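Since the structure comes first, as structure tokens, the remarks are kept for the end.
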Amino acid sequence: MKRIILCAGLLLCICISSFLALNMLKKNTVYFTNDLEDISRLYQLERYDEAYRKADVLYTDWNKFCRTASVIVDLDRLEEINSSFAKLLPLIKIQAEETESEIKSLSKRIERLYGAEIPLWYNVF
Amino acid sequence: MSIVFIRAAILYAAVIAAVRLMGKRQIGELQPSELAITILISNIATLPVEDPSIPLITGLVPIFTLAALDVLVGFWSLHSWRVRRILCGKPVIVISGGVIDQKKLKELRYTIDDLMEAIRSYGIFDISEVQFAVVETTGALSVYEKTKFQAAEKGDVGANANPEDPPVIIVQDGILIPEALNRSAISEKRFAEILSNKHLKTTDIFLMSVKSDGTFKIVKKERQL
């Protein structure tokens, strides 16, 4: 009976930690996508310095989040976003044309990070 | 992580279904659910080891999910005849009253060679000596010989048929096993007496076993050259 209780507890723990991990991903991805939207808005308003500072802070936050996320998310997906983030700062600095498209693509990638973890049928299969 | 959890649960059900579909021939000694677990866990465990980009947790979660599911399903099947039937199937009688049920053999995809091989493993080389044979849920064959071919046992010939425990090994490689000595038919005092009579120390003994009637056998350690 002890083993049954242990196994039921184990399954419960896995379910709860899955839910918590998903929640953590959601919270962080919402934070990053919202901030990226802000950066995009600032960039459109030609407030480049502000956009750069915000992107810099966001990049630092992303690096912190990356460490935690690497426990549950495939490292390859995080690396893709990492390299995109690293590209964003110089693009804002030189006010490049592709900055906005890069921000959009980065935002989509981050959204997908959470989206791919939601237990919906198309993700499961 | 939740994806991995659901995937593991789906894979568990899928592998059991596949193993049940394959039938008893494929199983051998394990029950279908045990085989499913063995196949899945051995494969899953290698994934995070092979690919460092895969988080370890995606290997651990399915392994523990599968193990826990197996225990819980096992518990469920212990209480439900129906679940047991679904998971493990049921034994199939292939020889009854000395007659081979060819239809059942076909259903099981058991060839006559398979049947003969399994029967020979019981030391029976003539199928006419078999009264009854069952293919168990593990795929193993259980055979019951016709009475006239069964070996006579002690009870049949009126020999001493008192129940007797097997000999207890009390000294192994020069080390006394106290629990075994307590279980054996000789006391600590008697053990010491035996050693002093034979001018031996415990460390000189390679193996000492004691039968339930108190008789013992000592194998001395060979002297190292």
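Just so it is clear, the structure is predicted and the values come from calculations on it, not from any experiment. In the text below, chain A, chain B and the rest are named by the order of the sequence lines, each starting its count at 1.
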Residue, of A/Leu22, A/Leu78, A/Asp74, A/Asp76, that accumulates the most heavy atom pairs under 4.5 Å with chain B: A/Asp74
Set of residues satisfying ring pair (Phe, Tyr, Trp, His ring centres under 6.0 Å) with respect to B/Phe64, sequence neighbours excluded: none
Flag if over 12 foreign heavy atoms under 6.0 Å of NZ, A/Lys27: no
Closest non-hydrogen atom pair between A/Ile14 and B/Thr65, with its separation: CD1-OG1, 3.6 Å
Segment of A/Leu25 engaging chain B (4.5 angstrom heavy-atom cut-off): neither
Close contacts, residues 67-75 of chain B versus chain A, judged by heavy atoms under 4.5 Å: B/Ala68, B/Leu69, B/Val71, B/Leu72, B/Phe75
Neighbour count above 12 (heavy atom, 6.0 Å) for B/Gln102 CD: no
Over 12 non-hydrogen atoms of neighbours within 6.0 angstrom of CD in B/Gln150: yes
More than 12 heavy atoms of other groups within 6.0 Å of A/Phe19 CZ: no
CZ/B/Arg120: more than 12 non-hydrogen atoms of other groups inside 6.0 Å: yes
Residue A/Leu10 versus chain B: region with a heavy atom under 4.5 Å: side chain
Value rounded to 0.5 Å, distance of OG1 in B/Thr58 from CD1 in A/Ile72: 11.0 Å
